Amino acid sequence: MTQPGRIDRGRRAFLKNAVVTAGAAAMAPLVITDRTIAQTRTIYVNTWGGSWTAAEEAAFFRPFTEQTGIRVRTVAPVSYAKLKAQVQSGNYEWDITAITQAELLRADREGLVEPVDWSIVKKDKLFPDAVYANGLAYCAMGTNLVYRKDRFPLGGPRTWAHFWDVQKFPGNRAMQNHAVRTLQFALVADDVPPDKVFPLDVDRAFRKLNQIKPHIKVWWTHGNQSQQLLRDGEVDTMVMWNARASELQRQGLPVELVWHGATITRSMWCIARGAPHRKLAWEFLQFAVQPKPQADFSNRLHYGPANPEAFKHISSEVARQLPTYAENAKVAIQPDTVWVADHTARIQEVFAQWLAT
Amino acid sequence: MARDLSAPAVRQGTARGRRSHRSRAIPWLLIAPPTLVLILLFVAPIGYVLLLSVADPRPSLAHYQRIFAVPLYARVMVNTFLTSLVVTGLCLVLGYPIAYVMARRNNWMSTLLLTVVAMSFWTGFVARTYAWLVILGSNGPVVAAYQALGLGRAPTLLFTTFSSTLGMTHILLPYMILALFGVMKKIDPEHLKAAASLGARPRAAFREVFLPLSLPGVVNGSLLVFVTCLGFFVTPVLLGTPRDMMISQLINQQIEELLAWGFASAVAMVLLATTALVLAVYNRFAGLDRLWG
């Protein structure tokens with residue numbers, strides 16, 4: 001018999017085990033086990049939804065399944081928080097995600113990213129700079145100033161200073177609910193030279209943002225939402241991802257996108273550390289960074305392929321619309337990845353508070 | 001205890017003893033699976049959230065202090081409370097006459113109203129929220145009507161406090177009407193006739209007899225709407241402005257954007273405690289078992 005008050009370790013451990021076992025039994029249908037992997041050979045990819053996922057289906061998922069028999073399932077939207085939650089809890093909803101280079105650096109520092117499996121990924125099949133912080137380069141994404149030409153018959157806003165000028169360019173405005181990019185645009189609007197934007201002068205950026213805040217009708221969060229706002233005519237000029245704007249152009253909407261002062265961020269594939277299908281996931285990523293699938297993706301959704309070889313399969317007409325096109329890249333700003341990774345957490349918190357006050 | 005009870009049973013014969021054992025066990029067997037489900041899927045996760053709120057990243061009550069010390073977060077709390085009060089009040093003012101007509105008339109009108117309310121109740125609230133995006137949008141019927149009447153440029157309707165309050169009121173109105181209807185339907189019409197026979201005019205009969213008898217419905221409906229509104233998320237996100245942030249938006253922002261799980265857990269616990277407090281007050285004065293009539 002144990003004395004009252006004394007910790008009965010054996011019994012505690014038994015109880016703990018019993019609870020864990022009962023819990024595992026109850027959750028069994030929800031959790032991916034080794035057996036279900038062997039049966040299905042399926043990988044789960046975290047994606048943005050809408051036209052982004054549609055382009056991925058056509059360029060990566062279907063061809064990959066045809067070639068290997070491995071099925072691909074998608075989960076939207078992309079969530080950095082879920083990456084952290086999955087790795088910490090050991091419950092995986094997806095194996096692969098695509099995040100920005102700065103987010104990847106942050107995730108890799110926090111140990112949330114699976115190290116590159118060099119037994120599957122072949123170095124000689126990769127292009128230079130393909131690997132960064134245990135992720136593989138996916139594409140270059142532009143975030144641009146976009147406006148509807150029919151709402152600005154005398155010419156729309158061509159710079160961020162114009163976007164800030166609500167007298168000369170009246171109209172409804174929207175921006176992305178994204179701290180770093182928004183601060184960056186504010187500094188460009190405040191006449192900071194492009195090469196001096198980073199490191200961001202946060203105080204100066206917020207002072208400039210206070211001027212435009214009352215005129216921003218919507219702070220959007222999803223790509224589909226941004227397209228909806230412009231398509232419905234709810235907004236006349238806004239911040240938008242370049243490929244989403246190009247898509248609206250192809251649909252016949254009178255949309256103009258501005259490369260001057262746009263920002264180009266690199267999107268990176270990575271695998272959640274300890275993800276159950278990581279071996280299959282590396283096989284998929286090896287496939288996804290090859291020239292042909294990369295080109296197929298960029299032809300459908302006009303983000304720039306990370307693999308330079310992909311341009312062999314891209315017409316010059318499409319290439320001109322990509323963030324990688326020299327004329328576009330020259331006037332756009334590439335964020336300082338390390339600085340952003342170091343400061344994102346703090347800036348996001350201040351920005352979230354600023355937005356709500 | 002079991003041994004004491006089984007002793008006479010053994011003396012009287014084993015068959016009966018077994019039966020009494022079984023009848024004793026059956027309620028426990030029936031109650032065990034739902035209890036287990038509640039503990040695993042409800043009590044345990046909430047316990048984990050409570051733990052996170054005081055232990056992530058290190059053990060302290062700092063998260064709770066921060067909720068009330070940072071003006072923005074305190075304002076979100078107050079705003080959530082006030083918004084819920086306004087929505088509850090609007091639902092009551094709009095819902096009471098409708099429920100009254102539904103309960104007092106026994107003709108096609110009450111059937112029609114009940115059908116409309118029930119259909120609204122069963123239509124997904126995301127769909128109903130999106131409907132407001134269309135109705136109040138720049139190319140929507142409200143703005144068109146405004147211009148057709150020659151009133152000039154319509155005011156901004158969408159993405160304002162007005163539109164999000166309107167959307168939440170619309171979504172919660174059926175709860176209020178059905179709660180009121182359930183109570184009003186049980187009020188005996190003879191009471192009003194008796195009041196009239198004693199010389200009360202219709203208005204006095206309503207004020208002195210019907211209204212007090214319908215008060216349980218008012219309390220039930222208000223509670224349902226208020227508590228549901230406290231945790232509203234999608235509608236204020238889609239129709240409102242970042243300035244009118246509600247508690248659940250704050251929780252989502254802390255988790256999704258800032259990865260501040262400890263703080264988000266603390267905010268969630270405050271929301272839970274507030275809800276429990278409201279329910280406890282109700283239980284003290286009305287009894288939770290009467291909530292659905």
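Chain A is the first sequence line, chain B the second, and so forth, proteins listed ahead of strands; every chain is numbered from 1. The structure displayed is predicted, hence computed values, not measured ones. Only heavy atoms go into these numbers, but all of them, side chains included; no hydrogens, no water, no symmetry mates.
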Winner by heavy-atom pair count (cut-off under 4.5 Å) against chain A, out of Asn139(B), Val37(B), Ile39(B), Val70(B): Asn139(B)
Any side-chain heavy-atom pair of Lys217(A) and Ser138(B) under 4.5 Å: yes
Residues in residues 347-357 of chain A near chain B [non-hydrogen atoms, under 4.5 Å]: Gln348(A), Glu349(A), Ala352(A), Gln353(A), Leu355(A), Ala356(A), Thr357(A)
Leu229(A) versus chain B, the contacting section by heavy-atom distance below 4.5 Å: side chain
Approximate separation, where rounding is to 0.5 Å, of Thr221(A) OG1 and Leu238(B) CG: 8.5 Å
Lys213(A) and Arg243(B): CA distance, side-chain angles, deciding distance, side-chain contact (heavy atoms from CB on, under 4.5 Å) verdict: CA-CA 11 Å; Lys213(A) 192 181 179 188; Arg243(B) 277 169 210 239; 4.2 Å; yes
Inter-chain contacts: residues 155-165 of chain B against chain A, heavy atoms under 4.5 Å: Thr156(B), Leu158(B), Phe159(B)
Heavy-atom contacts under 4.5 Å, residues 73-87 of chain B to chain A: Tyr73(B), Arg75(B)
Atom group of Gln253(B) that falls short of 4.5 Å from chain A, counting heavy atoms: side chain
Members of residues 74-87 of chain A whose heavy atoms come closer than 4.5 Å to chain B: Ser79(A), Tyr80(A), Ala81(A), Lys84(A), Ala85(A)
Greater than 12 external heavy atoms within 6.0 Å of Phe233(B)'s CZ: yes
Most contacts with chain A, counted as non-hydrogen pairs under 4.5 angstrom, among Met245(B), Gln249(B), Arg66(B): Arg66(B)
Segment of Glu103(A) engaging chain B (4.5 angstrom heavy-atom cut-off): neither
Side-chain donor or acceptor of Asp232(A) paired with backbone N/O of Gly137(B) under 3.5 Å: no
